[in-house]
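A short worksheet on the structure shown next.
The chain is numbered in sequence order, starting from 1.
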Amino acid sequence: MQRVVALVAVVVTLVSGLIPAAHGVEQARGYIYDGTVGPNNLAIVIDVAKGWVDMQRKVRARIGSMDSDFGVSYEDCGNEAFYCMTSGLEIVIPKAMPMKQWKYHGLSCQSVAQPGGDAYRITCRSPKYRGHPTYTYSLSRGVVSIESAPIWSGDRFELRSERGLFSPGNNP
């Protein structure tokens with residue numbers, strides 16, 4: 001009996017040590033945003049290593065998988081003044097946030113501070129798209145939600161982990 005208890009303790013210790021490491025590896029390679037509106041069972045997966053944005057089923061969403069018909073490669077169009085990702089998401093954020101309005105890479109954007117924190121709801125317009133790319137950016141956590149994007153509009157997608165795209169120290 002003592003051997004079984006000792007074995008269980010060793011297994012629990014090993015497994016609990018692996019879970020944070022796996023999460024850390026996933027965070028460095030990309031970001032997952034889960035659909036939240038209605039019966040949405042989709043997730044937006046951003047694979048930084050492959051430069052790929054994909055729509056996947058929420059329960060099977062993982063970074064490194066490019067097995068759906070709804071994926072597209074993205075362009076990192078950032079520079080010293082802007083974080084920028086186009087081709088699928090169309091996200092442009094000034095590195096000197098907060099800023100109320102800006103134009104960059106064919107997008108005209110404006111931000112509105114959200115109550116109770118360091119987050120800003122950003123809405124952009126472009127003559128290329130009917131919709132308006134819309135997302136929420138936190139100064140400390142990066143992009144925490146995506147409400148509308150050329151790859152998918154009409155549903156809200158929220159960051160699955162603690163830190164998102166363009167969070168301090170985590171940029172493509």
Where the side chain of Asp47 meets the backbone of Gly64, is there a donor-acceptor pair that is under 3.5 Å apart?
yes
Looking only at heavy atoms, which two atoms of Pro133 and Leu89 are closest? And how far apart?
CB-O, 4.1 Å
Which residues satisfy the side-chain hydrogen bond (donor to acceptor under 3.5 Å, both in side chains) test with Ser138, sequence neighbours excluded?
Asp118, Ser140
Please round to the nearest 0.5 Å and tell me the distance separating atom SG of Cys84 and atom CD1 of Ile93.
9.5 Å
What is the distance from atom CG of Leu159 to atom OG of Ser167, rounded to the nearest 0.5 Å?
8.5 Å
Do you know which two heavy atoms are closest between His132 and Thr134, and how far apart they sit?
O-OG1, 2.8 Å
Looking at CZ of Phe82 and CZ of Phe166, how far apart are the two atoms once the value is rounded to the nearest 0.5 Å?
12.0 Å
Can you find a pair of side-chain heavy atoms, one from Ile91 and one from Ile122, that are under 4.5 Å apart?
no
Please tell me if the side chains of Ile32 and Ile63 come closer than 4.5 Å, counting only heavy atoms from C-beta onward.
yes
When you group the ILVMFWY residues by side-chain heavy-atom contacts below 4.5 Å and let the links chain together, are Val112 and Leu139 in the same group?
no
Which residues satisfy the side-chain hydrogen bond (donor to acceptor under 3.5 Å, both in side chains) test with Ser145, sequence neighbours excluded?
Thr136, Arg156
Minimum side-chain heavy-atom gap Met85-Ile46 below 4.5 Å
yes
Any side-chain heavy-atom pair of Val48 and Tyr74 under 4.5 Å:
yes
Mind checking what makes salt bridge (Lys or Arg N to Asp or Glu O under 4.0 Å) contact with Arg57, not counting sequence neighbours?
none
Spacing of Gln56 atom CD and Asn41 atom CG [to the nearest 0.5 Å]:
12.0 Å
Are the side chains of Ile44 and Asp34 in contact, using a 4.5 Å heavy-atom criterion?
no
Disulfide bond (SG atoms under 2.5 Å apart): which pairs involve residues 87-119, sequence neighbours left out?
Cys109-Cys124
Any pair counted as side chain to side chain donor-acceptor pair (under 3.5 Å), so long as it reaches residues 91-114, sequence neighbours left out:
Asn79-Tyr104
I need the minimum non-hydrogen distance between Tyr137 and Val143, along with the two atoms involved.
CD1-N, 3.8 Å
Using a 4.5 Å cut-off on heavy atoms from C-beta on, say whether the side chain of Leu42 contacts that of Lys58.
no
Under a 4.5 Å cut-off applied to non-hydrogen side-chain atoms, are Val45 and Tyr33 in contact?
no
Return the minimal non-hydrogen interatomic distance between Tyr120 and Pro98, and the atom names on each side.
OH-CB, 3.2 Å
Test item: Arg163 and Pro168 side chains (from C-beta on) under 4.5 Å apart, heavy atoms
yes
